[in-house]
Every structure is written in structure tokens, then in C-alpha cells.
Amino acid sequence: MSKIPVMEIFGPTIQGEGMVIGKKTMFVRTGGCDYKCSWCDSSFTWDGTGSSTSMTAEEILSDLQKIGGDQFSHVTISGGNPALHKGIGELVDHLSQLGIETAVETQGTFWKDWLTDITDVTISPKPPSSGMTTDFAKLDVFYERLSKEQTSLKVVVFDDVDFAYAEDIHSRYPEFPFYLQVGNEDATTTNDQALVSDLLEKYEWLIDKTVASKTMNKARVLPQLHTLVWGNKRGV
Ligand SMILES: C[S@@+](CC[C@H](N)C(=O)[O-])C[C@H]1O[C@@H](n2cnc3c(N)ncnc32)[C@H](O)[C@@H]1O
Ligand SMILES: Nc1nc2[nH]cc(C(=O)O)c2c(=O)[nH]1
Ligand code: SF4
Ligand SMILES: [Mg+2]
């Protein structure tokens with residue numbers, strides 16, 4: 001039984017991003033990441049400013065039920081990079097035995113076999129503005145092993161260079177549904193009004209870029225809905 005470092009368990013809330021945006025879900029956020037994106041909105045999972053609790057799959061399930069009661073049937077596992085942790089396989093087994101759907105958010109750098117049992121897999125390769133470099137051989141493994149029904153690609157875009165990177169990703173992996181997401185440049189501000197106005201302006205810019213791109217005819221463009229509703233608040 002391998003333990004999982006857990007930073008936070010919260011919900012039910014709505015999935016604010018990507019392929020199941022708007023869906024009611026619980027969140028399990030794991031600690032630790034192999035990346036350190038310059039603009040990471042969850043850097044407390046890896047920069048030493050947050051603390052994790054080492055938990056078994058059974059303990060996580062019990063907390064989910066304690067916090068969410070019978071008011072959920074979907075659990076999103078995010079991080080950090082949840083694909084660093086072997087023990088999540090057991091959690092996914094328990095949840096699917098209970099008829100609870102699962103989602104995972106990962107950047108596509110480490111494969112785990114339990115990923116094939118996840119209902120909604122979001123792979124989010126990182127554009128140049130993050131400061132990270134994509135290992136395409138690793139992404140190819142995800143493309144080979146996951147079905148297009150259970151998977152989506154989501155690229156966060158901050159500028160023109162990121163948009164060109166997004167076009168490249170979508171072209172390389174055409175079978176996976178593709179999502180563009182507005183980048184939040186200030187993931188710590190508490191000035192919600194200024195943040196929302198800035199994010200909506202960025203959203204319009206990203207829509208304009210998408211409309212003008214023949215590569216993006218099938219793409220979907222989304223904001224982070226939770227940020228528009230709750231700003232940079234944690235645990236929502
Ligand atoms: C915090 S990450 C955790 C999962 C995984 N490490 C990953 O990056 O895919 C969850 C999602 O938030 C996105 N994200 C992180 N910081 C962001 C920001 N400042 N603006 C918009 N999206 C952001 C990531 O790209 C990813 O899609
Ligand atoms: N509501 C809500 N939706 C989300 N979608 C992805 C999130 C994440 O941090 O991985 C997230 C989050 O933290 N909250
Ligand atoms: S890969 Fe995800 S969790 Fe890791 S630093 Fe980047 S955005 Fe943050
Ligand atoms: Mg987030």
C-alpha cells in the first residue's frame with residue numbers, strides 16, 4: 001500500500017477548466033512536481049511553502065466521503081503532478097467500484113498505468129512562457145496509450161509564442177480534443193475586480209487569435225471559470 005502526499009481535499013465545487021468545465025466535482029491535490037512553471041498557480045504544492053499529509057488511498061476516500069457526503073459522483077485529482085504517485089491507482093480502483101467518475105490533471109511527463117482507468121484525463125503540456133521544455137517522446141506515450149474519448153489536451157496561453165506552441169501541439173496530436181486556456185498572470189492578487197477584468201480581456205485576445213488561426217478550427221477556448229467566480233482563492 002503506497003502512500004500519497006496530499007496537500008488538500010476540497011469540494012464539491014465545479015471543475016473550472018477544460019473538458020468537463022462546469023461539472024460538479026471533488027478535488028484531491030497531491031504534493032510534488034517535476035516542473036516549476038514560472039506562473040504556476042499552485043506553486044505551494046512544490047516550492048516548500050505548503051505542507052502535505054501522507055495518506056493511503058483508503059484514508060483519502062474516507063476524507064472525500066466525510067467532506068463531500070453523498071453530494072458528489074466525480075473526483076478530480078490534480079497537483080503538483082499526480083502522475084508521480086503510484087498509490088493513486090488504488091484510489092482510482094476504489095472510486096470506480098463505487099461508481100464515482102475520476103479526472104486527472106497532469107503535464108504529460110510521467111506515465112502511470114492507472115491513467116488508462118481515469119474517466120477524464122487532461123494533459124497540459126507547458127508553453128515557452130512557463131520556462132519548461134516539452135519532451136515529445138514522453139507525450140507520444142500518452143497519445144499511444146490513452147483513448148481519444150477519455151483524453152484532452154489543454155494548453156495555457158500567455159502570448160503569441162505560446163499560441164504558436166499550442167498550434168504545434170494540436171497539429172502533432174490531432175486525435176485528442178484540444179483546449180486553449182487563458183493564462184492568469186497574477187495568481188496571488190486579491191483584487192478580484194482588476195483580475196477578472198484583466199482575464200476577460202485576455203480571453204477576448206485568445207478568442208481573436210483562435211478565430212484567425214486555421215489550425216484551431218476544432219479547438220475550444222476557455223477561461224478558468226473558478227478564477228472568474230472566486231479569484232485566486234484556494235480550495236474552490
Ligand atoms: C496547477 S496544474 C496541476 C496539474 C499539472 N501539474 C499540470 O500542470 O497539468 C493544473 C492546471 O492549472 C494550469 N495552470 C497553472 N497555473 C496557471 C496560470 N497561472 N494560469 C492558467 N492556468 C494555470 C496548468 O497548466 C494545469 O492545466
Ligand atoms: N474549481 C477548480 N477547478 C480547477 N480545475 C483545475 C484546477 C487545478 O488546480 O488543477 C482547479 C481548481 O483548483 N479549482
Ligand atoms: S506542471 Fe503544473 S503543478 Fe507543476 S509547476 Fe507547472 S503548472 Fe504547476
Ligand atoms: Mg488551479
Side-chain angles (χ1 to χ4, degrees), residues 5 7-50 52 68 72 74-85 88 102-110 112 115 118 120-135 138-139 142 151-159 162 165-166 169 178-189 195-196 198-199 202-203 206 221-236:
M7 305 296 302
E8 55 184 6
I9 297 174
F10 61 90
T13 180
I14 51 124
Q15 171 53 263
E17 305 177 16
M19 69 194 291
V20 287
I21 192 165
K23 190 172 179 117
K24 198 208 282 195
T25 190
M26 296 291 291
F27 276 88
V28 176
R29 190 182 303 283
T30 60
C33 194
D34 46 309
Y35 271 9
K36 40 179 197 293
C37 301
S38 59
W39 37 251
C40 179
D41 64 9
S42 305
S43 54
F44 65 94
T45 61
W46 53 265
D47 68 4
T49 60
S52 63
F72 72 95
H74 189 272
V75 173
T76 303
I77 306 162
S78 186
N81 185 0
L84 295 173
H85 312 296
I88 289 174
T102 50
V104 158
E105 306 261 337
T106 183
Q107 63 266 41
T109 51
F110 281 95
K112 287 283 182 291
L115 283 163
I118 299 288
D120 310 304
V121 181
T122 294
I123 308 164
S124 183
K126 295 297 175 275
S129 66
S130 68
M132 301 297 112
T133 306
T134 303
D135 182 339
K138 287 181 173 166
L139 269 187
F142 285 71
T151 313
S152 74
L153 283 162
K154 178 176 76 185
V155 175
V156 175
V157 174
F158 284 81
D159 55 32
D162 287 356
Y165 170 91
I169 292 283
F178 191 83
Y179 291 78
L180 289 154
Q181 176 165 302
V182 175
N184 176 5
E185 263 164 44
D186 192 350
T188 57
T189 182
L195 178 65
V196 167
D198 179 56
L199 289 172
K202 293 278 169 46
Y203 185 34
L206 192 53
V221 197
L222 289 173
Q224 285 181 299
L225 206 49
H226 54 103
T227 312
L228 294 181
V229 177
W230 296 294
N232 288 320
K233 194 169 154 198
R234 243 174 81 176
V236 288

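First listed ligand is number 1; within each ligand, the first listed atom is number 1. FYI, side chains are in, hydrogens and waters are out, and symmetry mates aren't considered; it's all heavy atoms of this structure. All residue numbers in this chain count up from 1 along the given sequence.
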TODO: Determine whether Y165 and V157 make a side-chain contact, defined as any pair of heavy atoms from C-beta on separated by less than 4.5 Å.
DONE: no
Open item on the list: I want to check something: taking the side chain as every heavy atom from C-beta on, are I88 and T30 in contact at a cut-off of under 4.5 Å?
Closed with: yes
Task: Atoms in ligand 1 with a heavy atom of V182 nearer than 4.0 Å - done: 21 (C)
TODO: Quick one: list whatever passes side-chain hydrogen bond (donor to acceptor under 3.5 Å, both in side chains) with T188, sequence neighbours left out.
DONE: D186
Open item on the list: Would you say S129 and D159 are linked by a side-chain donor-acceptor pair, where the criterion is simply a distance under 3.5 Å?
Closed with: no
Task: Part of V156 with heavy atoms under 4.0 Å of ligand 1, whether side chain, backbone, both or neither - done: side chain
Open item on the list: Give me the residue, atom name and distance of the protein heavy atom closest to atom 20 (N) of ligand 1.
Closed with: N184 N, 2.8 Å
Ligand 2 polar-atom proximity to protein (N/O, under 3.5 Å):
| unit_1 | atom_1 | unit_2 | atom_2 | d |
| --- | --- | --- | --- | --- |
| ligand 2 | 1 (N) | I14 | O | 2.7 |
| ligand 2 | 1 (N) | V236 | O | 3.4 |
| ligand 2 | 3 (N) | G16 | N | 2.9 |
| ligand 2 | 5 (N) | Q15 | OE1 | 2.5 |
| ligand 2 | 9 (O) | R29 | NH1 | 3.0 |
| ligand 2 | 9 (O) | R29 | NH2 | 3.1 |
| ligand 2 | 10 (O) | S78 | OG | 2.6 |
| ligand 2 | 13 (O) | R29 | NH2 | 2.9 |
| ligand 2 | 14 (N) | V236 | O | 2.8 |

Open item on the list: Applying a heavy-atom cut-off of 4.0 Å, say which part of I123 lies close to ligand 1: side chain, backbone, both or neither.
Closed with: neither
Task: Ligand-residue contact atoms, ligand 1 with C40, heavy atoms, under 4.0 Å - done: 16 (N)
Task: Heavy-atom pair of closest approach, residues M7 and S52 - done: SD-CB, 3.6 Å
TODO: Report yes if the side chains of F27 and E105 come closer than 4.5 Å at any heavy-atom pair, otherwise no.
DONE: no
Task: Y179 and T122: side chain donor to acceptor below 3.5 Å - done: no
Task: Between CD1 on residue I14 and CD1 on residue I21, distance to nearest 0.5 Å - done: 7.0 Å
Open item on the list: Quick one, P125 and I169 - any side-chain contact, counting heavy atoms below 4.5 Å?
Closed with: yes
Open item on the list: Show the nearest heavy-atom pair for residues G18 and K154, with the distance to one decimal.
Closed with: CA-CD, 4.2 Å
Task: Atom indices of ligand 1, in the order listed, that fall short of 4.0 Å to a heavy atom of S42 - done: 1 (C)
Task: Check: W39 N/O within less than 3.5 Å of ligand 1 N/O - done: yes
TODO: Return yes if a side-chain donor-acceptor contact under 3.5 Å exists between N184 and T227, otherwise no.
DONE: no
Task: Per-atom contacts, ligand 1 versus K154 - under 4.0 Å to a heavy atom - done: 27 (O)
Task: ligand 1 contacted by V155 (non-hydrogen, < 4.0 Å) - done: no
Open item on the list: Is any side-chain heavy atom of T25 closer than 4.5 Å to one of V20?
Closed with: no
TODO: Give the residue, atom name and distance (to 0.1 Å) of the protein heavy atom nearest atom 8 (O) of ligand 1.
DONE: K126 NZ, 2.8 Å
Task: Close-contact set for ligand 1 against G79 heavy atoms, below 4.0 Å - done: 1 (C), 3 (C)
Open item on the list: Run the side-chain hydrogen bond (donor to acceptor under 3.5 Å, both in side chains) test against S78 and tell me which residues pass, sequence neighbours left out.
Closed with: none
Open item on the list: Among A83, G80, C33, P223, which one puts a heavy atom closest to atom 4 (C) of ligand 1?
Closed with: G80
Open item on the list: For the residue pair Q15 / D120, report whether a side-chain donor-acceptor contact shorter than 3.5 Å exists.
Closed with: no
Task: Nearest candidate to atom 9 (O) of ligand 1, where distance is taken over non-hydrogen atoms, out of T106, T188, T45, T122 - done: T106
Open item on the list: What protein heavy atom lies closest to atom 12 (O) of ligand 1? Include the residue and the distance to one decimal.
Closed with: E17 OE1, 3.8 Å
Task: Minimum-distance pair of heavy atoms, taken over all atoms of C33 and G80 - done: CB-CA, 4.1 Å
Open item on the list: Do R234 and F10 have side chains that approach each other closer than 4.5 Å (heavy atoms only, starting at C-beta)?
Closed with: no
- [ ] Can you tell me which residues line ligand 3 if we count any heavy atom under 4.0 angstrom from one of its atoms, in chain and number order?
- [x] C33, Y35, K36, C37, C40, W46, G80, Q107, K126
Open item on the list: Tell me the closest heavy-atom pair linking L115 and F142, and the distance in Å.
Closed with: CD1-CE2, 3.6 Å
- [ ] Answer yes or no: does an N/O atom from S124 fall short of 3.5 Å to an N/O atom of ligand 1?
- [x] yes
Task: Test of proximity, Q181 against ligand 1: N or O pairs below 3.5 Å - done: yes
Task: Min side-chain heavy-atom separation V156-Q181 under 4.5 Å - done: yes
- [ ] Give the numbers and elements of all ligand 1 atoms closer than 4.0 Å to a heavy atom of G183.
- [x] 20 (N), 21 (C)
Task: Side chain proximity check, Q224 to W230, heavy atoms < 4.5 angstrom - done: no
- [ ] Look only at interatomic distance and state if D41 has a nitrogen or oxygen under 3.5 Å from any nitrogen or oxygen of ligand 1.
- [x] yes
Task: ligand 1 versus S78: contacting region, heavy-atom distance under 4.0 Å - done: side chain
